[in-house]
Amino acid sequence: MSTEAAAGRRPAPRDDLVAMEGYHSPQVDVAVRLNTNESPLGPPEAFVRELGAAIAGIEWNRYPDRAATGLRTAIGGLHGLGPEQIFAANGSNEVLQSLCLAYGGPGRRVVTFEPTYALHSHIARVTSTEVVTGRRTDDFAIDLDEARRTIESAQPTITFLCSPNNPTGMVEPEEVVRAVVDMATAVGSLVVVDEAYGQFAPWSALALLDEERPLVVTRTYSKTWAMAGARLGYMAGPTWVVDQLDKVVLPYHLDAVTQLAGTIAVAHLAEMEARVATLVEERGRVVAALDDLPVTVWPSGANFVLFRPDALDGDHVWSQLIDRSVLIRNCASWPGLDGCLRITIGTRDEDDAFLAALTEILT
Ligand SMILES: *Cc1c(COP(=O)(O)O)cnc(C)c1O
């Protein structure tokens, strides 16, 4: 066919999609990468060995277990829950998308409290769900009066919380989560608590799960479990939510390898918990070092720390760090985060390289 014959009007995507930007997280080739909150170490060697052996036994001509029952049972076991209370997907982002497909959509609204994880509002918009934004206080806390006003006027079907909150590191106090769940219940909204960093925090909203409460908690293998490459996340919640998510997700969306990886990882819980403890201790060391520099540091319950240089421009400090082969996350132009930067806790050596470079830039 000639190009002339093929020329015509290009099919138009949805109007709301045309107006939208994609999700960007710049990757730069540097020696020290502390920008995406990954684990600095790979998973335990024994896990890699066991997974390799298990992969050799996969029946490749067959579809994987559609219900992923083995995986759901293993995950449920981590939290004292049954497989019917767990929904697993390709990263917690696919869990969030499934929630928006089931409970959002045209004519419906979600509420987020900004600044928070950008994918909550992004995924909501991709599913044609309107986003209504509540503001946090200057120290990034949720103000309950603002929350009540926002939820009552928006009448959302989903209310997103994130604890510890990315990118601020703040852990939502239990009273706040309980109060927001009460407000949401009154208007018929589901509350989603994104706990991608839950293992680093002193408490979890998993403790509040109840078949009668419209509350779900999402978690991921990408950070604590050192398995960002596997793309696996999950939701724990009432069975009536799990049932709806099973309807919207594509059949056989979780491939055989992912299911095996997630199941085998659970058998290595002790190593994962030991690494979390090491990273929490290292976080204390990095925060103490930042406290001695001319920067403002926010307390963190996660594996990253948000800070703002007192006198220098955030963009400038970020590129000066790249010149010294250290990549961190530049939040300087994100709404509500004027001049802020976020560093992922890495190995001691990586963190020392970051601290030495930052000290040189700031002093
Ligand atoms: C990293 C992160 C996720 C993880 O997404 P995956 O799709 O599981 O890799 C989810 N929520 C928050 C807040 C995150 O920071």
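Counting starts at 1 for both ligands and their atoms, in listed order. Owing to the predicted nature of the structure, the values given are computational and were not obtained by experimental measurement.
Among Cys162, Gly91, Ser92, the residue whose heavy atom lies nearest to atom 5 (O) of ligand 1 is Ser92. The option from Met227, Lys223, His120 that lies nearest to atom 3 (C) of ligand 1, judged by heavy atoms, is Lys223.
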Salt bridge (charged side-chain N to carboxylate O under 4.0 Å, His left out), that's the test. Do Arg136 and Glu172 meet it? Break it down for me. CA-CA 12 Å; Arg136 288 172 189 264; Glu172 290 305 342; 3.0 Å; yes
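Contact atoms of ligand 1 toward Asn166: 13 (C), 14 (C), 15 (O) (distance under 4.0 Å to a heavy atom of the residue). The contact set between ligand 1 and Ala196, taken as ligand atoms under 4.0 Å from a residue heavy atom, comprises 2 (C), 3 (C), 10 (C), 11 (N), 12 (C), 14 (C).
Using a 4.0 Å cutoff on heavy atoms, Ser222 counts as a contact of ligand 1. Residue contacts with ligand 1 include Asp194, since one of its heavy atoms falls under 4.0 Å from the ligand.
Here's the thing with Asn37: none of its N/O atoms is less than 3.5 angstrom from an N/O atom of ligand 1.
Protein heavy atom in closest approach to atom 15 (O) of ligand 1: Tyr197 OH, 2.6 Å. Considering only non-hydrogen protein atoms, atom 7 (O) of ligand 1 sits nearest to Arg231 NH2, 2.8 Å.
Note that CD of Glu350 and CD of Glu282 are 9.5 Å apart. Values are rounded to the nearest 0.5 Å.
The closest side-chain donor-acceptor pair between Arg342 and Asn166 falls under 3.5 angstrom.
Looking at Thr159, Val111, Thr133 one by one, the single match for side chain to side chain contact (heavy atoms under 4.5 Å, CB included) with Thr150 turns out to be Val111.
Residues His122 and Tyr117 keep their aromatic ring centres 6.0 Å or farther apart.
Not counting sequence neighbours, Phe200 has no partner by the ring pair (Phe, Tyr, Trp, His ring centres under 6.0 Å) test. With sequence neighbours left out, the side-chain contact (heavy atoms from CB on, under 4.5 Å) criterion links Ala201 to Pro164, Val171.
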